[in-house]
Amino acid sequence: MEARRRICLTVAYDGTAYCGWQVQKNGNTIESELNRALSELTGEKIQVIGASRTDAGVHGLCNLAVFDTCFRIPAEKLPYALNQRLPEDIRVRESKEVAPDFHPRRCRSRKTYEYHILNAPFSNPVKRLYSYFTYAPLDVEKMRQAAAYLVGEHDFASFCSAGSQAETTVRTIYDLTVEKSGDEIVIRVTGSGFLYNMVRIIAGTLMEAGRGRMASEKMEEVLAAGNRTAAGPTAPACGLILTEICYERQENSDFFTNPA
């Protein structure tokens, strides 16, 4: 009997046409397309395990998916075979063999998301699927001041949509920046993990501060409230991109971007 191996894929995708990452009964997802392509290729029933369960319409540059197989193709050759079987809006960028017990959601990690905002008098059709458009002027400095209150370990219950199955709403944000270049504003957040819709709620709340509808210092009250109604609206999914996942090495406290 062939020995089973655990393979880790680095997956990029345009989430516009999908009902999110995780398999669902009512629509097509990134995970279901990967399962289909892998099962066709290997002749086995494959079900991948993803690192981040991104929502409908959210994009990813580096989500990870692991699976076990007896298929003997060299791991580094898998992307060539898989990408021929996947739709054009999903691509496997890298593949490697990992330890049999590696689980992308149970290892200590840091995830980075970017939320892109087009802040201009008129929308840009080329950017409409990958950024949120608003013509209302946003004060980037006020957004930065509000963002500073969220850095560190906090209870982010106010930034979690109903339906979350998380055991705790405490999370750590290591870095949260707001940068503007031309008419594009990018909110970049790195954390230990994120609650359901957490990054989109952070983006929506920071935009409220940028519009002058919420004082930057009120962010302390929002955190303390522990209630979703205290924070701003959930920003649309189209502006959100998963850009990096880093895992902690077992032998020390350093982080690395790809599991070895």
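The cluster map of Ile, Leu, Val, Met, Phe, Trp and Tyr, joined by side-chain heavy atoms under 4.5 Å apart, puts Leu240 and Leu206 in the same cluster.
Cluster partners of Phe122 are absent, since no Ile, Leu, Val, Met, Phe, Trp or Tyr has side-chain heavy atoms less than 4.5 Å from it.
Taking the six-membered ring for Trp and thresholds of 30 and 60 degrees, Tyr247 and Phe102 have ring planes more than 60 degrees apart, a perpendicular arrangement. Ring-plane geometry between Tyr135 and Phe133 is classed as tilted, the angle between the planes lying from 30 to 60 degrees on a 0 to 90 degree scale.
Taking 4.5 Å as the limit, some side-chain heavy atom of Cys70 sits within range of a side-chain heavy atom of Glu44. Within the 4.5 Å cutoff, side-chain heavy atoms of Ile245 are placed close to those of Asn63. Residues Phe194 and Phe159 form no side-chain contact, since every pair of their non-hydrogen atoms from C-beta on lies 4.5 Å or further apart. Proximity of Thr134 to Arg211: side-chain heavy atoms (C-beta onward) are separated by under 4.5 Å at one or more points. At least one side-chain heavy atom of Leu82 sits under 4.5 Å from a side-chain heavy atom of Val92. Annotation: side chain of Tyr115 is not in contact with side chain of Ile241 (no heavy-atom distance under 4.5 Å).
With Asp14 contributing its side chain and Ile90 its backbone, the two residues share no donor-acceptor pair below 3.5 Å. Remark: side-chain polar atoms of Asn119 are paired, donor with acceptor, to backbone N or O of Leu138 under 3.5 angstrom. For Thr243 (side chain) and Glu114 (main-chain N/O), no donor-acceptor pair under 3.5 Å exists by modelled atom type. Under the 3.5 Å distance criterion, the side-chain polar atoms of Arg105 are matched with a main-chain donor or acceptor of Gly50. Between the side chain of Arg228 and the main chain of Gly232, a donor-acceptor pair closer than 3.5 Å is present.
A salt bridge does not link Arg4 to Asp68: none of the charged side-chain nitrogens sits closer than 4.0 Å to a carboxylate oxygen. A salt bridge is absent between Arg171 and Asp155; no separation between the charged side-chain nitrogens and carboxylate oxygens falls under 4.0 Å. With salt bridges taken as basic N to acidic carboxylate O contacts below 4.0 Å, one links Glu179 and Arg144. In this structure, Glu94 pairs ionically with Lys96, as a charged nitrogen and a carboxylate oxygen lie closer than 4.0 Å. Salt-bridge formation is detected for the pair Glu40/Arg36: a Lys NZ or Arg NE/NH1/NH2 atom is positioned less than 4.0 Å from an Asp or Glu carboxylate oxygen.
Each of Lys218, Lys142, Arg213 was checked for a salt bridge (Lys or Arg N to Asp or Glu O under 4.0 Å) with Glu208, and the lone residue meeting it is Arg213.
No side-chain donor from either of Tyr18 and Ser32 sits under 3.5 Å from a side-chain acceptor of the other.
Taking both residues in full, the closest heavy atoms of Val151 and Ile173 are given as CG1-O, 3.6 Å, listed atom of the first, atom of the second, then distance. When every heavy atom of Val222 is checked against every heavy atom of Ser158, the shortest pair comes out as O-OG, 2.6 Å.
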Next item on the list: Let me see the working for Arg6 and Asp101 under salt bridge (charged side-chain N to carboxylate O under 4.0 Å, His left out), right down to the final yes or no.
Entry: CA-CA 8 Å; Arg6 177 155 289 195; Asp101 61 348; over 6 Å; no

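Screening residues 30-85 for ring-ring contact (aromatic ring centres under 6.0 Å, His included) gives His59-Tyr130 as the qualifying pairs, with residues at least two apart or on separate chains.
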